[in-house]
2 protein chains.
Amino acid sequence: MENPLAAKLSMFADISLDDKAALNWLCDDVRVFQPKCDVIKEGDRPENVFLLVDGWAMRYKVLPNGRRQIMAYLIPGDLCDIHVFILKEMDHCIGLLSEARIAVIPKEKMLSVLDERPRLARALWWSSLVDDSVLREWLVNMGQRNAYDRIAHLLAEMWLRLSVVGRVDGNSMQLPLTQVDLADTMGLTAVHVNRVLQQLRQDGVIELASGTLRIPNIEKLMRVSAFEPNYLHLQPRVN
Amino acid sequence: MENPLAAKLSMFADISLDDKAALNWLCDDVRVFQPKCDVIKEGDRPENVFLLVDGWAMRYKVLPNGRRQIMAYLIPGDLCDIHVFILKEMDHCIGLLSEARIAVIPKEKMLSVLDERPRLARALWWSSLVDDSVLREWLVNMGQRNAYDRIAHLLAEMWLRLSVVGRVDGNSMQLPLTQVDLADTMGLTAVHVNRVLQQLRQDGVIELASGTLRIPNIEKLMRVSAFEPNYLHLQPRVN
DNA sequence: CGATAGTTTGATATCCTTCAAAACCTGTGG
DNA sequence: CCACAGGTTTTGAAGGATATCAAACTATCG
């Protein structure tokens, strides 16, 4: 399968064969991690950059009172901050939602590629600006949408992001999230997430069971969530 | 008054006199803008970077249904994305909350400084990573805290950020926000913000009137909001 | 096949919203 | 210097979305 980062970056720029080779070189140390383990912990001072090659991860934070907020999902092709090592220490954790294959990239290696391949550097810049944009949209989601629209919006976003990296198969995709995960993402309780999901199923918007999400009608999902894809900055609009 | 960006960056690294001169050179085109006007609009393709020298601005988005979400406050020393021009178009607006003095920096100028002053480039990198971190914390705030804690937390954050750039005078600061602004920031209604502010006043946590916020006891504010300043990455802890 | 994680259900509580109106500012023009 | 206009803050009453608690049900996996 193609390098998912190359797939994503080619939404922004033409990635040459040389660039692809450089990306593959970055990914020459791929390790397998078990689900539920933390790749980076709050307080760490990371010396490497991680590139998720396969599987799902999340950024999250646990408050003193025990509540957890998930702040981002990382999917194949996502880098965990190209420049983390600038900060003195991590202010949040990155944990795995599924088994994952992760490329471990020493910072020197990352920096050398950024240095020698300006076109790639620019594309990676674009990618991290898009990550910021996604984060802002999550804030909008939490602040301005009710539970139903909020969950629908998240599912639509993940569907689009996954399709860019070839992880959508027809009208279904893997969704390795429990209802508790969804709750901690959306600022809701698991109980309420459960009821909303039932509603979404009843309305024929989604089919969700045993880790597989089927979207019978993407337009409908987009419509009910008032989804505006511009914030994903996929200029050749997906779909 | 000192360049507020230099003040902020020196929280991260020693900024040399040369670096300061470079920063001042970046800021040689300062323009005055009136409150409530938009500096950048959704859909724009900005060719300049803006540095807020004085006043308050906000990032915000207006949904199709008319609801507004404020996603960040910009205060003196804040850049509106050092690399916006990489994106094809803006996905949100930047509007002014007060009269403001803004340095307009052509992208070439910005890029040349990043190129020639690696230490400064690194410090600006740090700054934009901190901005991301703040955004993530806002998500935590929305998702996991109730209205009272949420507002207290925001006020604590702004107090710290403003003190870094010398905008806190003793135990008071300017807060050019209406209760509607606060509501659109926190995902609450203005009515509820009003009642929570009354509660905060009653509890002796804040004094807020006519655009001035007084915090009689910072420790108390930090305590009630369970404020953990690590996400601001001010290594020599302020206070 | 029992243990454990995840999902579903019901009943009740609460936080926050909605709507509507009054009171209060602040600036402006007469 | 007053009056008026528009934005902002405050108040009250009532409704709704989501939380909380507790228990049952259902998968999944060694």
Side-chain angles (χ1 to χ4, degrees), chain A residues 34-37 56 58 63 65-70 95-99 141-154 174-203 206-213 224, chain B residues 34-37 56 63 65-70 95-99 141-154 174-202 206-213 224:
Chain A
Q34 289 312 301
K36 305 195 183 199
C37 80
W56 282 50
M58 60 178 168
L63 300 195
N65 61 19
R67 300 183 63 135
R68 177 181 68 154
Q69 175 69 41
I70 295 176
L96 298 182
L97 291 157
S98 67
E99 184 177 295
N141 214 14
M142 299 269 288
Q144 304 302 329
R145 292 193 255 259
N146 65 19
Y148 187 96
D149 298 354
R150 210 184 288 180
I151 293 178
H153 195 278
L154 175 73
Q174 291 313 109
L175 189 82
L177 303 175
T178 67
Q179 295 181 0
V180 173
D181 293 332
L182 278 173
D184 290 351
T185 305
M186 307 306 248
L188 301 168
T189 57
V191 171
H192 200 235
V193 166
N194 181 278
R195 301 202 233 255
V196 170
L197 287 176
Q198 288 178 55
Q199 192 62 53
L200 282 165
R201 279 189 275 244
Q202 239 178 50
D203 297 349
I206 66 171
E207 290 164 35
L208 176 57
S210 56
T212 300
L213 175 69
V224 307
Chain B
Q34 288 314 300
K36 301 189 188 209
C37 81
W56 282 49
L63 300 195
N65 62 20
R67 302 183 63 134
R68 176 181 68 154
Q69 175 68 41
I70 295 177
L96 298 182
L97 290 156
S98 68
E99 183 176 295
N141 214 15
M142 300 271 285
Q144 304 301 332
R145 292 194 255 260
N146 64 21
Y148 186 96
D149 297 354
R150 208 184 290 181
I151 293 177
H153 194 278
L154 175 75
Q174 291 313 108
L175 188 82
L177 303 175
T178 67
Q179 295 180 1
V180 173
D181 293 331
L182 278 172
D184 290 349
T185 305
M186 306 305 247
L188 301 167
T189 56
V191 171
H192 199 235
V193 166
N194 180 277
R195 302 203 231 256
V196 169
L197 287 175
Q198 288 178 55
Q199 192 61 53
L200 282 165
R201 279 188 275 245
Q202 240 177 50
I206 65 171
E207 290 165 34
L208 176 56
S210 56
T212 299
L213 174 69
V224 307

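Here is how names work: the chains are called A, B, and so on, in the same order as the sequence lines, proteins then strands, and each is numbered from 1.
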How long is the line joining CG of L200(A) and C1' of dT8(C), in whole Å?
16 Å
Within the structure, does a side-chain N or O atom of R67(A) lie under 4.0 Å from either OP1 or OP2 of dA19(D)?
no
d(CG, L188(A); C1', dC16(C)) in whole Å:
14 Å
Rounded to whole angstrom units, what separation is found between the CZ atom of R145(B) and the C1' atom of dC16(C)?
18 Å
Nearest-angstrom distance from the residue atom CZ of R195(A) to P of dG10(C):
9 Å
Residue-phosphate contact under 4.0 Å: N146(A) side-chain N/O, dA17(D) OP1/OP2:
no
Keeping D184(A) on the side-chain end and I70(A) on the backbone end, is there a donor-acceptor pair under 3.5 Å?
no
Take atom NZ of K36(A) and atom C1' of dG6(C), then tell me their distance rounded to the nearest Å.
9 Å
Closest to the V191(B) side chain: dC19(C), dT8(C), dT26(C)?
dC19(C)
What's the NE2-C1' distance between H192(A) and dT14(C), to the nearest Å?
14 Å
Mind checking if R201(A) touches a base, just sugar-phosphate, or nothing, with heavy atoms under 4.0 Å?
sugar-phosphate
Please work out if A190(B) contacts a base, only the sugar-phosphate, or nothing of the nucleic acid, heavy-atom cut-off 4.0 Å.
nothing
For a quick check of understanding: with a heavy-atom distance under 4.0 Å over all strands, which category does T189(A) fall into, base, sugar-phosphate or nothing?
base
Atom pair distance, as rounded to whole Å: CD in Q199(B) and P in dT11(D)
12 Å
Please check: side-chain N/O of S98(A) versus main-chain N/O of W56(A), any donor-acceptor pairing under 3.5 Å?
yes
Within the 4.0 Å heavy-atom criterion, would you say L197(B) contacts the bases, only the backbone, or no part of the nucleic acid?
nothing
Establish, with yes or no, whether the OP1 or OP2 oxygen of dT11(D) is under 4.0 angstrom from a side-chain nitrogen or oxygen of Q198(B).
yes
V180(B) vs R150(A), nearer the 5' end of DNA chain D by closest nucleotide:
V180(B)
Counting N and O atoms only, with roles assigned by atom type, does the side chain of D181(A) sit under 3.5 Å from a partner on the main chain of T178(A), one being a donor and the other an acceptor?
yes
Could you tell me how far apart Q144(A) (CD) and dA17(D) (C1') are, to the nearest whole angstrom?
15 Å
Touch class at under 4.0 angstrom, heavy-atom based, for G187(A) against every strand present:
sugar-phosphate
Checking Q69(B) side chain against T185(B) main chain: does a donor-acceptor pair fall under 3.5 Å?
yes
Kindly say whether G187(A) contributes a backbone atom to a donor-acceptor pair with the side chain of Q144(B) at under 3.5 angstrom?
no
